[in-house]
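All heavy atoms count here, side chains included; hydrogens, waters and symmetry mates do not.
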Amino acid sequence: MRRLMKWLGRTLLVVVVFGLVVYALAWRHSEQALARHFTINDPPLAIAHDAATIARGQHLFTTRGCQDCHGADGIGHLVFDAGPVIHLVAPNLTPSGMGAHLTADAIAAAIRHGVRPDGTPLVFMPSGDYANLDDADTAALVAYVQSLPPSSNDPGSLEVRPLARVLYLFGQFPLTPAEHIDHAPRTRNAPVAAATAAYGEYLAHACTGCHGGDLAGQAIPGAPPGTPRAVNLTPDASGLRDWKEADFMRVMHEGKKPDGAALNPIMPWQSFGRMSDTELRAIWLHLRSLPPKSSGSPH
């Protein structure tokens, strides 16, 4: 018995030391990532503040996921608390919050590059979904953010917790999405807004963060434990092969699958469902044009 207890004690010591070493490496690696600087040299945007532009910006804010994190009026709120992983808070974007310190180009850099005005990366900001957002759309979105009414709401502080750092060390947590974005300065132009697969491909970039670059489904990066995989959106047997356009429109407008089952709440269909029918049909046409790819997980 004494020998067994001695062996268990040594084993426990080895495990503790190993854990401390891993966490020390994870802390150093994550701190280096958070301190990295990116240079953004996109051409300056021409920002108009007329009613039509602000209305377009509001539509984008509502239908591209911005309000799901920052709230309908951009006042910020707690997105989720994933225990030892992250306490994710989206900041107040109004003139009484972060908006007071951000120029138009700084807002655009945060949206498309996931970078703060000082060049350091934002945490968990899904800028990969918006890296190719059209210049005119970006300008409209910026104009809308700048038009938000002031709010003194304090949503709290974001906390990167120990498990997020360890997961990031092993490439399993999107701590700083800016490191995966092409920051080369360029002009971005969207296809003509019409019910076409080309326009749908442009719109569907907002879906890639959860559903994967090929839209074949994946474990949602950084989601709380127990969150189901994002479904396969390709026309494969494990995806949307048997769906009709009406099924897709229903799921986006009502949050109901063809069998009547409700979507998991992780899917923000209430926001994306506020896209116009032209936008939704364009996305549908794009999804139907994708090569079928098995996700390994049935929808």
Side-chain angles (χ1 to χ4, degrees), residues 26 30 33 63-66 68-69 79-86 88 90 112 114 121-133 160-161 163-182 197 200-243 247-248 251-252 255 257-258 261-273 275 280 283-299:
S30 58
T63 62
R64 301 304 191 270
C66 307
D68 294 306
C69 288
V79 181
F80 57 74
D81 189 327
V85 182
I86 192 170
L88 185 60
R112 298 196 292 194
L122 291 165
V123 174
F124 211 81
M125 171 68 182
S127 293
D129 294 359
Y130 314 114
N132 291 312
L133 191 67
V160 179
R161 292 173 173 166
L163 187 53
R165 295 177 184 272
V166 174
L167 291 172
Y168 175 68
L169 177 66
F170 293 101
Q172 299 300 309
F173 186 81
L175 182 66
T176 56
E179 64 189 271
H180 303 296
I181 292 174
D182 177 7
E201 180 179 13
Y202 167 72
L203 297 172
H205 277 295
C207 309
T208 57
C210 288
H211 293 274
D214 57 5
L215 297 179
Q218 63 176 4
I220 301 174
T227 301
R229 289 170 56 92
V231 301
N232 182 356
L233 299 181
T234 75
D236 182 78
S238 64
L240 307 186
R241 184 189 65 184
D242 300 324
W243 285 40
D247 296 324
F248 177 74
V251 84
M252 297 304 285
K257 299 179 184 179
L263 289 178
N264 187 281
I266 194 70
M267 169 61 185
W269 62 269
Q270 297 94 334
S271 294
F272 289 105
M275 287 184 174
L280 291 175
I283 293 174
W284 171 250
L285 290 172
H286 170 58
L287 298 181
R288 300 310 286 177
S289 74
L290 294 171
K293 186 171 181 179
S294 175
S295 67
S297 177
H299 69 280

With side chains defined as the heavy atoms from C-beta onward, is the minimum distance between [X] and [Y] less than 4.5 Å?
X	Y	result
Leu88	Phe124	yes
Phe173	Val85	yes
Asn132	Arg112	no
Tyr168	Thr176	yes
His286	Leu215	yes
Asn264	Pro228	yes

### side-chain contact (heavy atoms from CB on, under 4.5 Å) assessment of Met267 paired with Met252
CA-CA 10 Å; Met267 169 61 185; Met252 297 304 285; 4.1 Å; yes
### Pairs where residues 201-212 contributes a residue and the test salt bridge (charged side-chain N to carboxylate O under 4.0 Å, His left out) is met, not counting sequence neighbours
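Not a single pair qualifies under salt bridge (charged side-chain N to carboxylate O under 4.0 Å, His left out).
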Exam field: side chain [X] to backbone [Y], donor-acceptor pair closer than 3.5 Å:
X	Y	value
Glu179	Ala33	no
Asn232	Gly217	no
Thr227	Ala223	no
Gln172	Ala164	no
Thr208	Gly213	no

### Task
Quick one: list whatever passes salt bridge (charged side-chain N to carboxylate O under 4.0 Å, His left out) with Asp182, sequence neighbours left out.
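Partners of Asp182 by the salt bridge (charged side-chain N to carboxylate O under 4.0 Å, His left out) criterion, ordered by chain and then number, come out as Arg186.
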### Task
For Asp214, check salt bridge (charged side-chain N to carboxylate O under 4.0 Å, His left out) against everything at least two apart and list the hits.
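Once residues adjacent in sequence are excluded, the partners of Asp214 under the salt bridge (charged side-chain N to carboxylate O under 4.0 Å, His left out) criterion are Lys293.
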### Query
Only one of Val231, Leu263, Asp247 forms a side-chain contact (heavy atoms from CB on, under 4.5 Å) with Lys257, so which one is it?
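Among Val231, Leu263, Asp247, the one that satisfies the side-chain contact (heavy atoms from CB on, under 4.5 Å) with Lys257 is Leu263.
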What's the shortest heavy-atom distance between [X] and [Y], and which atoms?
X	Y	result
Gly209	Asp129	N-OD1, 3.0 Å
Leu287	Pro235	O-CD, 3.4 Å
Phe248	Ile283	CZ-CG2, 3.8 Å
Ile220	Cys210	CG2-SG, 3.9 Å
Leu233	Leu240	O-CD1, 3.6 Å
Gly222	Pro174	N-CD, 3.7 Å

Measure the [atom1]-[atom2] distance between [X] and [Y] for me, rounded to the nearest 0.5 Å.
X	Y	atom1	atom2	result
His205	Leu133	NE2	CG	10.0 Å
Phe272	Asp68	CZ	CG	7.0 Å
Trp243	Arg288	CH2	CZ	10.5 Å

### Query
Under a 4.0 Å N-O cut-off, is there an ion pair linking Arg161 with Asp81?
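Result for this pair is yes, salt bridge flagged.
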### Task
Start with the C-alpha distance between Asp236 and Thr234, add both sets of side-chain angles, then the distance that settles side chain to side chain donor-acceptor pair (under 3.5 Å), and finish with yes or no.
CA-CA 5 Å; Asp236 182 78; Thr234 75; 5.4 Å; no
### Query
Please walk me through it: do Leu169 and Ser30 pass side-chain contact (heavy atoms from CB on, under 4.5 Å)?
CA-CA 7 Å; Leu169 177 66; Ser30 58; over 6 Å; no
### Task
Walk me through it: do Tyr130 and Arg64 pass the test side-chain contact (heavy atoms from CB on, under 4.5 Å)?
CA-CA 9 Å; Tyr130 314 114; Arg64 301 304 191 270; 4.1 Å; yes
### Query
Run the side-chain contact (heavy atoms from CB on, under 4.5 Å) check on Ile86 and Val123 step by step: do they pass?
CA-CA 10 Å; Ile86 192 170; Val123 174; 4.3 Å; yes
